[in-house]
Trainee: 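Have a look at this one.
FYI, side chains are in, hydrogens and waters are out, and symmetry mates aren't considered; it's all heavy atoms of this structure.
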Amino acid sequence: MTASAVRDTQRDSARRPVHGTHRPAHPHQGRRLRPLTPPRAGRLGAVPRRLPTPRPGGPSKCWSWLSYLDEVEVTDARKLDINHMVPLAEAWNSGAHTWMPERREAYAKDLGSERSLAAVTAKTNRTKADKDPTAWVPPAGSARCIYLEDWAATKPHWGLSADDAERAALLELAAPCEDSVVAYEAAP
């Protein structure tokens, strides 16, 4: 990952501290969208795979998903959470507090970007919570460069800022990610 990708993220001059997700600003939060079907999970970053044989007593169509942040294979979609690459509270602190409700909802449900949302194990999603790369990196070493690329692309995609500590952490953590490329288009 290049330093220019981190520099593309706006400097943060006026962060608004929030502890936890600012729920009143995200009224869609807590509403279930749709069941996590294999094709939908695939769009959300989990790799759906059909299991070779059904489990005894199980449905005839069995699927498994690979949660890339922790490299855990999951056969029950109910054990997956939808992870916001940049958590809602971090987005709020980084500029989403100035957005209209429609834009906040578009951010929270961004299926148009491959980098904004990912289906991951509930345990990993809850461990990450509202943390940024200064406080959390994926447990799977193989996912770290992808995670940093996705983070560094999501922020400028949505016009979100980064503070100096976040920028420094991204640059330090990305040092081994020499072949990484961060490309993004501004969100509508």
Side-chain angles (χ1 to χ4, degrees), residues 1-12 15 18-21 36 40-49 64-75 77 79-96 107-187:
M1 180 175 346
T2 63
S4 64
V6 175
R7 283 192 298 270
D8 281 350
T9 304
Q10 299 173 8
R11 276 236 186 260
D12 188 2
R15 287 174 74 89
V18 167
H19 301 288
T21 303
L36 192 61
R40 187 159 183 262
R43 285 195 309 272
L44 293 171
V47 180
R49 295 183 290 201
S64 71
W65 292 268
L66 181 63
S67 169
Y68 91 97
L69 292 177
D70 52 10
E71 294 183 339
V72 172
E73 189 167 339
V74 177
T75 56
K79 293 185 179 178
L80 293 171
D81 276 358
I82 304 307
N83 168 61
H84 289 88
M85 184 53 55
V86 175
L88 298 176
E90 173 67 22
W92 182 263
N93 291 340
S94 301
Y107 173 79
K109 296 180 179 180
D110 185 10
L111 292 176
S113 171
E114 292 180 8
R115 298 181 183 263
S116 296
L117 301 172
V120 300
T121 60
K123 178 182 176 184
T124 295
N125 194 44
R126 290 173 189 149
T127 300
K128 177 186 172 204
D130 294 329
K131 299 176 182 108
D132 70 14
T134 63
W136 188 88
V137 292
S142 64
R144 289 190 181 156
C145 289
I146 297 169
Y147 166 75
L148 295 169
E149 289 172 27
D150 290 351
W151 185 279
T154 299
K155 284 267 186 144
H157 174 72
W158 286 96
L160 298 171
S161 62
D163 61 32
D164 290 337
E166 181 182 339
R167 288 170 177 274
L170 285 167
L171 288 170
E172 181 182 331
L173 292 166
C177 305
E178 296 172 357
D179 296 333
S180 295
V181 175
V182 177
Y184 67 92
E185 293 180 17

Trainee: Sequence neighbours excluded, which residues qualify as side chain to side chain contact (heavy atoms under 4.5 Å, CB included) partners of Arg144?
Mentor: Val137, Pro138
Trainee: Could you pull out all residues at least two apart from Thr134 that satisfy side-chain hydrogen bond (donor to acceptor under 3.5 Å, both in side chains)?
Mentor: Asp132
Trainee: Rounded to the nearest 0.5 Å, how far apart are CG of Asn93 and CG of Leu160?
Mentor: 10.5 Å
Trainee: For Pro87 and Lys131, work out which heavy atoms get closest and say how close.
Mentor: CG-O, 3.9 Å
Trainee: Taking all atoms of both residues into account, what is the closest heavy-atom pair of Pro139 and Leu69, and its distance?
Mentor: CD-O, 3.3 Å
Trainee: Can you tell if the side chain of Trp158 reaches within under 4.5 Å of the side chain of Ser116, non-hydrogen atoms only?
Mentor: yes
Trainee: For a side chain to side chain contact (heavy atoms under 4.5 Å, CB included) check, start with the C-alpha distance between Leu117 and Met85, then their side-chain angles and the critical distance, and finish with the verdict.
Mentor: CA-CA 6 Å; Leu117 301 172; Met85 184 53 55; over 6 Å; no
Trainee: Indicate the atoms forming the closest heavy-atom contact of Pro156 with Tyr184, along with that distance.
Mentor: CB-CZ, 3.4 Å
Trainee: Going by side chain to side chain contact (heavy atoms under 4.5 Å, CB included), name the residues that satisfy it together with Asn125, two or more places apart in sequence or in a different chain.
Mentor: Asp81, Asn83, Val120
Trainee: For a 4.5 angstrom cut-off between non-hydrogen side-chain atoms, does Ser94 reach Lys155?
Mentor: yes
Trainee: Check side chain to side chain contact (heavy atoms under 4.5 Å, CB included) between Val74 and all other residues, then give those that pass, not counting sequence neighbours.
Mentor: Val72, Lys79, Leu80, Thr121
Trainee: Looking at Glu166 and Trp151, what are the two nearest heavy atoms and their distance?
Mentor: OE2-NE1, 2.8 Å
Trainee: For residues 108-145, which residue pairs pass the ring-ring contact (aromatic ring centres under 6.0 Å, His included) check, not counting sequence neighbours?
Mentor: Trp136-Tyr147
Trainee: Apply side chain to side chain contact (heavy atoms under 4.5 Å, CB included) to Ala140 and list each qualifying residue two or more places apart in sequence or on a separate chain.
Mentor: Glu71, Ser142, Ala143
Trainee: If you take all heavy atoms of Arg115 and Thr154, which pair is closest and at what distance?
Mentor: O-OG1, 3.6 Å
Trainee: Please name the pair of heavy atoms, one in His84 and one in Ala108, separated by the smallest distance, quoted to 0.1 Å.
Mentor: NE2-O, 2.9 Å
Trainee: Going by an N to O cut-off under 4.0 Å, is there a salt bridge joining Lys128 and Glu90?
Mentor: no
Trainee: Please report the C-alpha distance between Asp70 and Lys123 in whole Å, then the side-chain angles of each, then the deciding distance to 0.1 Å, and finally whether the side chain to side chain contact (heavy atoms under 4.5 Å, CB included) criterion is met.
Mentor: CA-CA 9 Å; Asp70 52 10; Lys123 178 182 176 184; 5.7 Å; no
